[in-house]
Amino acid sequence: MAASQKQNDTILLTNGRFFASSQSLSSPPAFHTAIVIRNNTIQCIGQAESPDIVAYTSSGIKAHDLQGRHVLPGFIDGHCHFLMLGQSLHKLDLDGCNKIDDIRSRIAQFAKENPAKERLLCRGWMHSMTDGEAKASMLDDLDPRPIFIDSKDLHSTWCNSAALQEMDVQNMKDPAGGTIERDSDGNPSGLLSEASVLTIVWPHLARVATTKEKTDALKAGIAAYHEAGYTGCIDMAMDENAWEAILALRDSEDGLLIRLAAHWLITPSADEASRLAQVDRAIELQRKFNTQTSPDLRIVGIKVICDGVIDACTAALTEPYSNNHTSTDPIWNADMLGPVVTKASSSGLQCALHAIGDAAVHLAINALEAYTKPGQRHRIEHLELTSPTDAARLGKLGIIASIQPVHADPAILRAWPKLLGLERVQRAFAYSEFAEHGAVLAIGSDSPTAPHAPIKNLYVATTRKSARNPDAGDMLVNENFKIGICEAVTAATKGSAYSCFSEDKVGILEVGKLADFVVVDMDFQAGGLLEAKVMQTWFDGKVVFDSSTA
């Protein structure tokens with residue numbers, strides 16, 4: 001079937017295994033075998049021998065045989081950075097490097113192969129690859145062009161001297177919540193962290209990129225998402241730069257072939273008026289781009305990054321890190337967070353609060369409890385280290401548990417016992433506990449900080465084994481916190497839809513919902529997910545990816 005099929009066509013798909021996601025998550029999976037689509041909407045779904053399906057079969061409509069493959073609702077990435085994902089596809093990937101020599105060799109080869117590039121943009125560096133150091137001097141002899149290296153978690157950027165000079169950071173002060181690392185003479189030494197990335201690096205790279213480069217990146221991201229089985233996503237760091245590019249693509253002939261909800265990024269500026277002005281901008285945009293006026297491209301809320309990440313020792317913990325005995329304060333304190341959450345909530349915006357360390361999680365839950373109203377579906381992003389008490393509060397308060405199982409992959413957590421100690425590691429990624437206490441789970445990828453493939457993400461969620469390096473023999477990370485396969489699929493579809501108030505249209509295969517779904521050749525059990533293959537992705541009743549023609 002071609003993507004050009006007419007909207008008024010009636011389509012009958014049979015001999016499939018269509019996921020019935022309305023059953024109890026503790027029950028065995030249930031499946032329908034046939035579906036009818038008309039005008040981009042599911043008209044009928046059930047067993048092939050049921051009277052409703054037989055009526056369509058008898059009417060002479062050609063049936064398309066799915067050969068027993070599974071059909072799941074279209075995946076909705078519950079947490080991503082969409083423009084940066086598209087841009088990352090053109091950056092040098094440092095994944096797999098283990099030490100500085102690996103990084104230098106790969107960048108030198110990339111520079112040689114790309115003499116026309118004005119800048120060398122790289123991604124996937126981790127602090128552990130360079131023994132915690134990130135100096136411009138470690139890169140300066142590789143190439144005279146500016147070199148920008150994104151950390152895997154996007155919370156740091158490592159630059160050579162040419163990049164530092166291009167951004168003119170010499171005389172800049174550290175922004176609120178951010179650091180420009182300096183040498184003993186006060187000169188920038190190569191590393192920019194946390195809010196310095198948000199307010200200095202990203203805006204600079206946005207200014208030097210053309211609109212075409214950005215829309216091309218978005219199209220590449222959409223194609224990659226379709227290939228992986230996504231039909232929607234929730235962007236978790238929307239800003240003027242990305243929004244402008246998305247609108248340009250939406251208004252072009254190509255269009256925006258993905259359903260996108262966005263949280264407007266609020267940066268931790270020094271004064272309250274500036275912080276609240278950013279919320280005002282989100283309110284202004286939400287009044288123009290909302291469920292009624294623009295259902296497939298909406299501003300739904302704000303995003304606040306309350307702390308950093310554990311690997312860089314910037315996540316806020318209730319007790320000091322085990323390796324260096326230091327404590328890190330949250331980027332946002334309670335006095336800063338309260339007015340922003342109050343203003344957003346009172347204006348009907350959802351609040352999404354990045355909180356990785358247990359101290360930041362406690363801060364975020366307290367703010368949502370104190371300053372928001374029930375039923376607004378506010379959310380906490382990541383929730384990587386939580387106390388039992390706070391894990392139980394999520395469901396009680398109706399807070400969405402926005403989780404990214406890809407970050408729980410054992411292959412990238414080898415430093416955690418040293419950083420946190422063995423006892424605290426046992427509280428990492430407590431997904432089943434969140435659900436048992438009534439929290440709705442919404443699964444995302446956090447791309448491009450991590451691989452975006454949703455089925456591999458589900459593998460980690462349901463097995464707590466590594467999808468990155470399954471043969472490495474890494475110990476499982478807290479198998480007691482894994483979730484079931486039905487629960488995981490639901491969290492990556494219906495849960496993400498619910499988290500942005502779109503469950504009335506997408507996220508489940510039932511009559512009246514939009515025909516967004518993915519055909520997968522798979523064994524429907526947790527252990528078989530790594531071998532699963534996306535065969536087709538359907539968006540709005542049309543095939544937008546077909547493995548047979550890819």
Exercise. Between the side chain of Ser432 and the main-chain N/O of Asn480, is any donor-acceptor distance below 3.5 Å?
Worked result: yes

For this session: Please determine which of Asp216, Asp254, Thr211 meets the side chain to side chain contact (heavy atoms under 4.5 Å, CB included) test together with Leu249.
Result: Asp254

For this session: Would you check if the side chain of His263 reaches a backbone N or O of Ile302 as a donor-acceptor pair within less than 3.5 Å?
Result: yes

Exercise. Any side-chain donor-acceptor pair under 3.5 Å between Asp523 and His70?
Worked result: no

Exercise. Has the side chain of Arg464 got a donor or acceptor atom that lies under 3.5 Å from a matching backbone atom of Val477?
Worked result: yes

Exercise. If you round to the nearest 0.5 Å, how far is CD1 of Ile380 from CZ of Arg393?
Worked result: 8.5 Å

Seminar exercise, completed: For Ala461 and Ile443 the tightest heavy-atom approach is CB-CD1, 4.5 Å

Problem set entry | Taking every non-hydrogen atom, the tightest pair across Tyr459 and Gly527 | CE1-O, 4.2 Å

Exercise. Is there a donor in the side chain of Thr549 and an acceptor in the side chain of Asp546, or the other way round, less than 3.5 Å apart?
Worked result: no

Problem set entry | Residues in salt bridge (charged side-chain N to carboxylate O under 4.0 Å, His left out) contact with Glu384, at least two apart in sequence or another chain | none

Problem set entry | Stepwise side-chain contact (heavy atoms from CB on, under 4.5 Å) check, Ile365 with Leu397 | CA-CA 9 Å; Ile365 294 176; Leu397 297 172; 3.6 Å; yes

For this session: Enter the distance from His226:NE2 to Leu257:CG here, rounded to the nearest 0.5 Å.
Result: 5.5 Å

For this session: Examine the side chains of Lys214 and Asn241 and answer whether a donor and an acceptor come within less than 3.5 Å of each other.
Result: yes

For this session: Would you kindly say whether Ser447 and Tyr225 are connected by a side-chain donor-acceptor distance under 3.5 Å?
Result: yes

Exercise. Which atom pair, heavy atoms only, marks the closest approach of Trp264 to Gln278?
Worked result: CD1-O, 3.9 Å

Exercise. Under a 4.0 Å N-O cut-off, is there an ion pair linking Lys505 with Asp296?
Worked result: yes

Problem set entry | Thr386 side chain vs Leu383 backbone, donor-acceptor pair below 3.5 Å | no

Exercise. What do the steps show when you test Val71 against Val520 for side-chain contact (heavy atoms from CB on, under 4.5 Å), and what is the final call?
Worked result: CA-CA 6 Å; Val71 182; Val520 187; over 6 Å; no

Problem set entry | Flag for Gln536-Ser547: side-chain donor and acceptor within less than 3.5 Å | no

Exercise. Aromatic ring centroids of Phe31 and Phe524 under 6.0 Å?
Worked result: yes

For this session: With rounding to the nearest 0.5 Å, note down the distance linking OG1 in Thr231 to CD1 in Ile222.
Result: 12.0 Å

Problem set entry | Sequence-distant partners of Glu531, salt bridge (charged side-chain N to carboxylate O under 4.0 Å, His left out), two or more places apart | none

For this session: Consider only side-chain N and O atoms of His407 and His382, and report whether a donor and an acceptor are under 3.5 Å apart.
Result: no

Problem set entry | Check ion pair Glu503-Arg377 (N to O, under 4.0 angstrom) | yes

Exercise. Do you see a donor-acceptor pair shorter than 3.5 Å between the side chains of Gln376 and Ser345?
Worked result: yes

Exercise. Atom CE of Met84 and atom CG of Asp235: how far apart are they, to the nearest 0.5 Å?
Worked result: 7.0 Å

Seminar exercise, completed: The reported gap from CD1 in Ile45 to NE2 in His32 (rounded to nearest 0.5 angstrom) is 4.5 Å

Problem set entry | Closest non-hydrogen atom pair, Ala217 against Leu83 | CB-CD1, 4.2 Å

Exercise. Does Trp202 have its ring centroid less than 6.0 Å away from the ring centroid of Phe148?
Worked result: no

Problem set entry | Distance-only donor-acceptor check, side chains Asp153 and Ser151, under 3.5 Å | yes

Problem set entry | Nearest heavy-atom neighbours spanning Ser445 and Ala450 | O-CB, 3.6 Å

Exercise. Side-chain contact, heavy-atom cut-off 4.5 Å: Thr493 with Phe517?
Worked result: no

For this session: May I ask you to decide if Arg287's main-chain N or O and Asn290's side chain share a donor-acceptor pair within less than 3.5 Å?
Result: yes

Exercise. Would you say the side-chain atoms of Arg298 pair up with the backbone N or O of Cys500, donor to acceptor, closer than 3.5 Å?
Worked result: yes

Exercise. Are His354 and His155 near enough that their ring centres are under 6.0 Å apart?
Worked result: yes

Exercise. So, does Lys494 use its side chain to make a donor-acceptor pair with the main chain of Gly507 at under 3.5 Å?
Worked result: no

Seminar exercise, completed: When rounded to the nearest 0.5 Å, the distance separating OG of Ser499 from CG of Leu441 is 11.0 Å

For this session: Start with the C-alpha distance between Lys303 and Glu381, add both sets of side-chain angles, then the distance that settles salt bridge (charged side-chain N to carboxylate O under 4.0 Å, His left out), and finish with yes or no.
Result: CA-CA 9 Å; Lys303 164 75 175 299; Glu381 310 301 309; over 6 Å; no

For this session: Check the side chains of Asp474 and Ser466 for a donor-acceptor pair under 3.5 angstrom, ignoring hydrogens and angles.
Result: no

Exercise. Where is the tightest heavy-atom contact between Ala228 and Val534, given as atom of each residue plus distance?
Worked result: O-CG2, 3.5 Å

Exercise. Thinking salt bridges, do Arg259 and Asp516 make one under a 4.0 Å N-O criterion?
Worked result: yes

For this session: Compute the ring centroids of Phe434 and Phe481, then answer whether they are less than 6.0 Å apart.
Result: no

For this session: Could I get the full list of side-chain contact (heavy atoms from CB on, under 4.5 Å) partners for Asp93, not counting sequence neighbours?
Result: Asp95, Arg123

Problem set entry | Distance-only side-chain donor-acceptor flag, His378 / Gln350, under 3.5 Å | no

Exercise. Can any side-chain N or O of Ser346 pair as donor or acceptor with the backbone N or O of Lys343 at less than 3.5 Å?
Worked result: yes

For this session: Taking Tyr230 for its side chain and His452 for its backbone only, find out whether a donor-acceptor pair lies under 3.5 Å.
Result: yes

For this session: Start with the C-alpha distance between His64 and Ile11, add both sets of side-chain angles, then the distance that settles side-chain contact (heavy atoms from CB on, under 4.5 Å), and finish with yes or no.
Result: CA-CA 8 Å; His64 300 275; Ile11 303 165; 4.1 Å; yes

For this session: Examine distances only and state if a side-chain atom of Ser496 and a backbone atom of Ile76 form a donor-acceptor pair shorter than 3.5 Å.
Result: yes

Exercise. Are Lys465 and Glu479 within salt-bridge range, i.e. N to O under 4.0 Å?
Worked result: no

